[in-house]
Amino acid sequence: MDFSSLHIVDYILLGSLLLLFVLQMYFYIRYLAAPARKMRRDKKTNDQMVNDQMVNAPGVTVILAAHNESYNLSQYLQALLSQDYPLYEVIVVDDGSEDSTRDVVERYMTSDPRLKMSFVPYGARVRSTKKLAITLAAKAAKYDYLLLTDADCVPESSHWISEMMSGFQLSTIKNGVNRALAAENSQLSTVNCQLSTDIVLGFGAYFMHKSHLNRLIQFDTLFNGLHYLGAALCGHPYMGVGRNLAYKKSLFFESGGFSHLMTTRAGDDDLFVNHVATRTNTSVVISRESLTWSPSKRTFKEWWQQKRRHLSVSPQYRTSTKCRLAFEPLTRGLFYALFLCALVYYFLCTSYIVPLYIALGLFLLRWIVQTVILNTSARRLGLKSFNMCSILWFDIVIPLINLWMLLVPKRNNKW
C-alpha cells in the first residue's frame, strides 16, 4: 500500500489510536503490573527478613466493627485469635446489633483474654456509627499499631498479622539502610527499631463461587486492588480498603481521625487514607498470606448498592487523585471509541486494508497485555484466572456501570 495516498483523516485516526494505546500500556505496565513485580521480588527476599523481625515485633490491636454479625463472628473470629504473632489483641465494637453478636463475642472472651469488646452508645447521633465504632476501638487500643478488618473477613493464613506488620518494618529497613550504616554500632538496633511507616495497604479478596456476578465482582476487585496498590508503589497512594488496612494509632489521632469525615456514611477507609497517605509514610503488603477473604454479594442489587456507596465518596478525594483516577477510564473509553470508528471507516467506507490491520493489531496487543498482567496477579494471589472474552466484557461494562452510578443520585445506606 502507498502511504502517500492516505488522507489526513487516516493519520489523525491512526495517530490518535496509537497515542491512546501507548497511554493504556503505560497505565498497565507501570501501575497494574507493579504489585506482581513486588510479589516476585518479595518472594525471594522477604521470608527471612520477616522472621528476623518477629523477635522485636511491636504490639498490634486488631479492630472489627460489627453490626448484626453473629454468624460471621462465629465462623471467622477464631481465625483472628489463632494468629502466629507474639503480641496482639482483638477489639470487637458492637455497632447497635440486634442479633446475638454480643453473646458470640462474650463466649470467646471467656477463653481468650486477648479478645475485648466495646459498643457504640445507644442513640448516638452521628451520620456514620461505623466511624464512631472504629474511633472508640482506637481509643481503647493498648498498642500503637491498628490493623483493621471486617467481621465477615477471614485471614488467608495464621501469618496475616505478621505479614501486614512487615510492611512497617521492612519499609523502615529499606529506607534506613544508609542511616544505619553511618551510625555507631551501639546505635544500630535503635535505628532499625524506629518504624517510620504510618500506613500499610493490603488486599481484600472475595470468596469465589460459580456465578456471572461473582466473576464480575472478582474482576472489579482485582482491577481496583491492583490499581490502588500499584499507585502506592509508584508513590501516589490514594485509598485503602477496610477489610485489610493498618495504620498507627498516633497518626489516626494526630490527623484528627474521622472528624472531617463524619458528614459521610462511607469513607472510613478510602477517604481517610486519601487524606493522610503520602509517598513517604505508606507501604504496601501484597502476598498470598497477607490476604483477607470475605463473602461477595449474592444479588446484583446488593452489589449495586455496595458499589454505589463506595463511589459516593470519590468526589471528596484530593484533586490530584481525581485527575489520576480519570486518566485510565478516559483513555480506555476513547480507545474503544476510536477503534470502533476505525473499524467502520476502514471496513465500510474505504478499501484500505493495512490501516484496518494496524487498528486490529493495536486492539489485540492491548487485550493480550491486559490478560497477561491481570491473570499473572490473580494466580499469585490465589484467585481464578479470567478468560479473554470475560476480560473484554468486564472491561467494557464496569466503566459504564461506574459512570451511571456517579451520574445518578443515590440514597446512602448506613453501612
Hey, do the aromatic rings of F394 and F223 have their centres closer than 6.0 Å?
-> no
D150 and K130 ion-paired at < 4.0 Å = yes
According to the interplanar angle, ranging from 0 to 90°, do the rings of F168 and Y145 count as parallel (below 30°), tilted (30 to 60°) or perpendicular (above 60°)?
-> perpendicular
Kindly confirm or rule out a cation-pi arrangement of R243 over Y206, judged by NZ or CZ under 6.0 Å from the six-membered ring centre and within 45° of its axis?
-> yes
Check the pair I398, N402 against side chain to side chain contact (heavy atoms under 4.5 Å, CB included), reporting the backbone distance first and the verdict last.
-> CA-CA 6 Å; I398 290 179; N402 292 341; 3.7 Å; yes
Could you tell me whether the side chain of L64 reaches within less than 4.5 Å of the side chain of V62, counting heavy atoms only?
-> yes
Can you find a pair of side-chain heavy atoms, one from F207 and one from N214, that are under 4.5 Å apart?
-> no
Pairing of D395 and R332 as salt bridge, 4.0 angstrom limit = yes
Any side-chain heavy atom of L374 sitting closer than 4.5 Å to one from L32?
-> yes
Do L146 and K248 have side-chain heavy atoms sitting under 4.5 Å apart?
-> no
List the atom of W367, the atom of M388, and the distance in Å for their closest heavy-atom pair.
-> NE1-O, 2.9 Å
Got more than 12 heavy atoms from elsewhere within 6.0 Å of CH2, W304?
-> yes
For R379, does the CZ atom have more than 12 heavy-atom neighbours from other residues, nucleotides or ligands under 6.0 Å away?
-> yes
Measure the shortest side-chain to side-chain distance between L245 and V200 over non-hydrogen atoms and say whether it is less than 4.5 angstrom.
-> no
Would you please indicate yes or no on a ring centroid separation below 6.0 angstrom for H275 and Y238?
-> no
Do other residues, nucleotides or ligands put more than 12 heavy atoms under 6.0 Å from Y357 OH?
-> no
From I286 CD1 over to R37 CZ, what is the distance, rounded to the nearest 0.5 angstrom?
-> 13.5 Å
Check V104 against S74 and note the closest heavy-atom contact, atom names and distance.
-> CG1-N, 3.9 Å
How about Y71: does its OH atom have over 12 heavy atoms from other parts shown lying under 6.0 Å from it?
-> no
Parallel under 30°, tilted from 30 to 60°, perpendicular over 60°: which one fits the rings of F27 and Y31?
-> tilted
Ring centre gap for F272 and F258 strictly below 6.0 Å = yes
Side-chain heavy atoms of T149 within contact of N244, under 4.5 Å = no
Is it the case that N72 and E69 place a side-chain donor and acceptor less than 3.5 Å from each other?
-> yes
Heavy-atom closest contact (L383 atom, F203 atom, distance) | CD1-CE2, 4.4 Å
Check step by step if side chain to side chain contact (heavy atoms under 4.5 Å, CB included) holds for E163 and E156.
-> CA-CA 11 Å; E163 285 285 313; E156 166 70 23; over 6 Å; no
Y28 side chain to R366 main-chain N or O, any donor-acceptor pair under 3.5 Å?
-> no
Do you know which two heavy atoms are closest between V241 and G204, and how far apart they sit?
-> CG2-N, 4.2 Å
Just wondering, more than 12 heavy atoms not from K139 lying within 6.0 Å of its NZ?
-> no
Side chain to side chain contact (heavy atoms under 4.5 Å, CB included) evaluation trace for F386 with T371 | CA-CA 8 Å; F386 298 89; T371 301; over 6 Å; no
Measure up the Y26 and F327 rings against each other and bin them: parallel (under 30°), tilted (30 to 60°), perpendicular (over 60°).
-> perpendicular
Considering non-hydrogen atoms only, spot the tightest contact between L381 and R288 and give its length.
-> O-CD, 3.3 Å
Should V120 and D94 count as side-chain neighbours, where that means a heavy-atom distance under 4.5 Å?
-> no
Residue that, paired with T282, satisfies side chain to side chain contact (heavy atoms under 4.5 Å, CB included) out of L233, L201, V276 | L201
Side-chain contact, heavy-atom cut-off 4.5 Å: I134 with D268?
-> yes
Before giving the answer on side chain to side chain contact (heavy atoms under 4.5 Å, CB included), spell out for T135 and F252 the whole-Å C-alpha distance, their side-chain angles and the decisive distance to 0.1 Å.
-> CA-CA 9 Å; T135 302; F252 181 77; 3.7 Å; yes
Measure from the ring center of Y85 to the ring center of H159 and say whether it is less than 6.0 Å.
-> no
A36 versus T376, closest heavy-atom pair with distance = CB-CG2, 4.5 Å
